[in-house]
There are 2 protein chains.
Amino acid sequence: MSLDERKMQILQAIIDDYITTASPVGSRTISKHAGLGLSSATIRNEMYDLKELGLLEQPHTSAGSMPSDKAYRLYVNSIIQSVELSEPEREQLMVHFSDRLSDLEEVIKRTAVVLSSATNYMSMVMTPQLNDISLNRIQLIYISSGKALLIIVSTNGLLKNTTIDIPDGVTPEYLDKISAMMTTRFAGCKLKDVSENLIYDLFIELGERREQLSFASSIASGMHSTYAGQNKVEVRGADKLLSLPEFSDIEKARELMSAIEHKETFMTLLNDAMSMELSVKIGGENADPKFKNSSVVTATYKLHGEPIGSLGVVGPTRMDYAKVLAVLKFLGDSMSSMIEEICDDDNGKKDD
Amino acid sequence: MSLDERKMQILQAIIDDYITTASPVGSRTISKHAGLGLSSATIRNEMYDLKELGLLEQPHTSAGSMPSDKAYRLYVNSIIQSVELSEPEREQLMVHFSDRLSDLEEVIKRTAVVLSSATNYMSMVMTPQLNDISLNRIQLIYISSGKALLIIVSTNGLLKNTTIDIPDGVTPEYLDKISAMMTTRFAGCKLKDVSENLIYDLFIELGERREQLSFASSIASGMHSTYAGQNKVEVRGADKLLSLPEFSDIEKARELMSAIEHKETFMTLLNDAMSMELSVKIGGENADPKFKNSSVVTATYKLHGEPIGSLGVVGPTRMDYAKVLAVLKFLGDSMSSMIEEICDDDNGKKDD
DNA sequence: GTTAGCAGTCACACATTGCGAGTGCTAACA
DNA sequence: TGTTAGCACTCGCAATGTGTGACTGCTAAC
């Protein structure tokens, strides 16, 4: 028994119907509405075969059928290469980005909002991963006795800062000196490769006394918190999921909500998704059993061609994959170019 | 018919019982468990009076009674002056703050988490309000051609920064000059009082050309976004509310969740609460009808005696007000001292 | 291979019933 | 006069039973 053209059409019709109605589809519905010109009895025969192939499932004997994870997978595989938004759809999304966003955080938040409202599912957008990004400049700014601001600029123009404690008596001039040395020494290095020891060595070279060790370590921990604190994820539209019949059970809703309290869960999802331009995990395909009844669809965004972060959607397995994939791909690209714009204001200008 | 001692005791017993069980309390329950040595018939007579006074409500004729908003108000008024955590309770809370937190955001997040887990309700903590706080220093740091970092330090040591666009060709030295001028000019001013025009005037004084107007305005908008973006609120433990019988209705749960999407709602609550050291809004007392079935309890935190922010709890009207108020008061105070510590690292040192 | 027709299945919505928690009233008692 | 026991009555709720309708699965005819 093979999966001929007609079976595919019927499966497709069932998926389409189930995606919108969320209730098992009967043979009669397909016969009447799919426009295949076949009677319900014929559809039934085909559906029987589809069941044997593991593509359809029945909640109980006398109920209609619903697509299995396997069926969605088949469907997703067939469309994933060709998802694309239409021009009007693109325009409709871009309206929300009409004001120029100059702040990275703004871009992320806005994208999360738009993604959730465009798909009607829960959206998540992670901040760029900076550990693998090379340093361009390190600058310490004197704030007051005992406190300084540590600024880190990456080669691709991203900027991050944090306050650190400094020893008493450290002067602004001294901070400038250290900043300059650190910049020369660490320019081009990756943030994660700058260890406390390396910074300590640098202080020794400067001819500093042992007491400065605490200074070195507070710089190191500042640099570390700079990219650790960077691992944030913006989650939006959780309430959208609650309106779905899938979550009409209060217990499931509560589970979902407490998952949202732990943003690390989403961080893991998004981190795992970084390796693929577009990724779809359907139901049981998810590593985390929390999502075994949901689908997680993700895309990446890039800087200079390198993926630096990802964004995604969590929804029921009966999801409009075509639309969600297209929106994600588009928003991923648009994030990439917005971030590029934020970072490269100067790079572009260097050319003239 | 007045509210004598015994009626108060009975009301108290009903409140206590209802707070834990969430289901209407019958006269028999009180008679057996409250230890008043009265028969259920007597209790019934008293309950009849309490009903006439508007302190008890019945969901239907043959059901037990539950306290009205008015009853909770009476109760809260009677305890609000004297709420205090016991020493062991304090210690148990302080365990969560044992590691020194040097970052304001960390303090806020941690407090939100602890507040929610200590009360078992949804917690919210706002970031400090900076518009009324006076400036100490303004510093522009050159990042790259076209971009600079704007740092604002308030007189009480709080620090905030944001990136701004700068015109081409602006040098680091020029930024230093402007920083110095702005600091001299605006030190002691309040952030909200620094208008674009004032900054523009300063540029004119510097003898700058008209083209620099865009620079002035980007500094102004940077300063503005600095305190606008500051108005954040950390919300935790929304899932806790979903476990309550009050929210067993999925529709109510959804409403709650979509309220959480709009953090402005909570911002309004917390802003309104700034004027009172401790504030309790019971059910209908809330201005926002969204909370007409909930209670909102808030406290403030301070810097140098001035309230700069607030934190609170949203839960059902049947709330353990004594505990919640005590926890809030304590955490408000502990936030105050932690923030004081963060800001005053230098002030303290100035003394020696 | 396709279709009509029909028996059989099963969830779901709806009405019915009985139970139990709780009131409200009355009459008796201290 | 306040307190209590006793009892009829109310009403929500959970358990149970029933009818309906949306299906399938099969068979026989086209």
Side-chain angles (χ1 to χ4, degrees), chain A residues 1-11 13-15 17-18 20-68 245-246 248-250, chain B residues 1-11 13-15 17-18 20-68 245-246 248-250:
Chain A
M1 178 177 41
S2 74
L3 205 53
D4 58 28
E5 180 64 19
R6 196 171 70 177
K7 281 194 179 57
M8 274 302 284
Q9 285 180 331
I10 291 173
L11 182 57
I14 293 173
I15 291 178
D17 191 279
Y18 189 73
T20 56
T21 64
S23 51
V25 191
S27 52
R28 198 184 134 86
T29 316
I30 301 300
S31 163
K32 293 283 170 192
H33 300 305
L36 295 172
L38 294 171
S39 80
S40 67
T42 311
I43 305 285
R44 270 205 293 286
N45 288 330
E46 297 287 41
M47 281 169 77
Y48 184 88
D49 292 350
L50 288 169
K51 247 164 258 175
E52 290 226 312
L53 286 165
L55 294 169
L56 290 182
E57 283 166 352
Q58 271 180 295
H60 56 89
T61 338
S62 71
S65 308
M66 45 205 237
S68 66
E246 277 84 353
S248 63
D249 176 22
I250 189 80
Chain B
M1 177 179 40
S2 72
L3 204 54
D4 58 28
E5 180 64 18
R6 197 172 69 176
K7 280 195 180 57
M8 274 303 285
Q9 286 180 331
I10 291 174
L11 182 58
I14 293 173
I15 291 178
D17 191 279
Y18 189 73
T20 57
T21 65
S23 51
V25 192
S27 52
R28 200 184 134 84
T29 316
I30 301 300
S31 163
K32 293 283 171 193
H33 301 304
L36 296 171
L38 294 172
S39 80
S40 68
T42 312
I43 305 284
R44 271 205 292 286
N45 287 331
E46 297 287 40
M47 279 169 78
Y48 183 88
D49 293 350
L50 288 170
K51 248 164 257 178
E52 289 226 313
L53 287 166
L55 293 169
L56 290 182
E57 284 166 353
Q58 270 180 297
H60 56 87
T61 338
S62 71
S65 307
M66 45 206 234
S68 67
E246 277 84 353
S248 63
D249 176 22
I250 188 80

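First the proteins, then the strands, lettered A, B, ... as listed; each starts at 1.
Looking at which nucleotide of DNA chain D each of B/Leu38 and A/Asn45 is closest to, the 5′-most match is held by B/Leu38. Nearest-nucleotide mapping onto DNA chain D: of B/Ser62 and B/Thr42, the residue sitting toward the 5' end is B/Thr42.
Side-chain contact between B/Leu11 and B/Leu56: present, with at least one pair of heavy atoms (C-beta onward) separated by less than 4.5 Å. Side-chain contact between B/Arg6 and B/Thr42 is present, with heavy atoms from C-beta onward closer than 4.5 Å. Annotation: side chain of B/Gln9 is in contact with side chain of B/Leu36 (closest heavy-atom distance under 4.5 Å). Between B/Lys7 and B/Leu55, every side-chain heavy-atom pair lies at or beyond the 4.5 Å cut-off. With a 4.5 Å cut-off on side-chain heavy atoms, A/Glu46 and A/Leu38 do not count as touching.
If you check every strand for non-hydrogen atoms under 4.0 Å, B/Ala63 touches sugar and phosphate atoms only.
An OP1 or OP2 oxygen of D/dC23 is reached within less than 4.0 angstrom by no side-chain nitrogen or oxygen of A/Lys51. Listed pair A/Thr61 / C/dT9 fails the phosphate criterion, with no side-chain N or O lying under 4.0 Å from OP1 or OP2. For C/dT2, one of the phosphate oxygens OP1 or OP2 lies less than 4.0 angstrom from a side-chain nitrogen or oxygen of A/Arg6. Dashed line: the shortest gap from a side-chain N or O of A/Lys32 to OP1 or OP2 of D/dA22 is not under 4.0 Å.
When the nucleotides D/dT24, C/dC10, D/dG12 are ranked by their closest atom to the side chain of A/Met47, D/dT24 comes out on top. Considering only the side chain of B/Gln58, C/dT23 comes nearest among C/dT23, D/dC23, D/dT24.
As rounded to whole Å, 18 Å separates atom P of D/dA22 from atom OH of A/Tyr18. Look at CG on A/Leu56: it is 13 Å from C1' on D/dT24, rounded to the nearest Å. Note: CD1 (A/Ile43) to C1' (C/dT2) measures 11 Å, nearest angstrom. The NZ-C1' distance, from A/Lys7 to C/dT2, rounds to 14 Å in whole Å. Between B/His60 atom NE2 and C/dG24 atom C1' there is a gap of 15 Å when expressed in whole angstrom units. Summarising the geometry, the separation between CG on A/Asp49 and P on D/dC26 is reported as 12 Å, rounded to the nearest angstrom. The nearest whole Å value for the distance from the CD1 atom in A/Ile30 to the P atom in D/dC23 is 10 Å. Distance OH (B/Tyr48) to C1' (C/dG22): 16 Å, rounded to an integer number of Å.
The base of C/dG5 sits with one of its N or O atoms less than 3.5 Å from a complementary donor or acceptor on the side chain of A/Arg44. Residue side chain B/Arg28 does not reach the base of C/dG22 through any donor-acceptor N/O pair under 3.5 Å, judged by distance alone.
Pairing for D/dA14 is with C/dT17, a Watson-Crick or G-U wobble pair whose two hydrogen-bonding atom distances lie under 3.5 Å.
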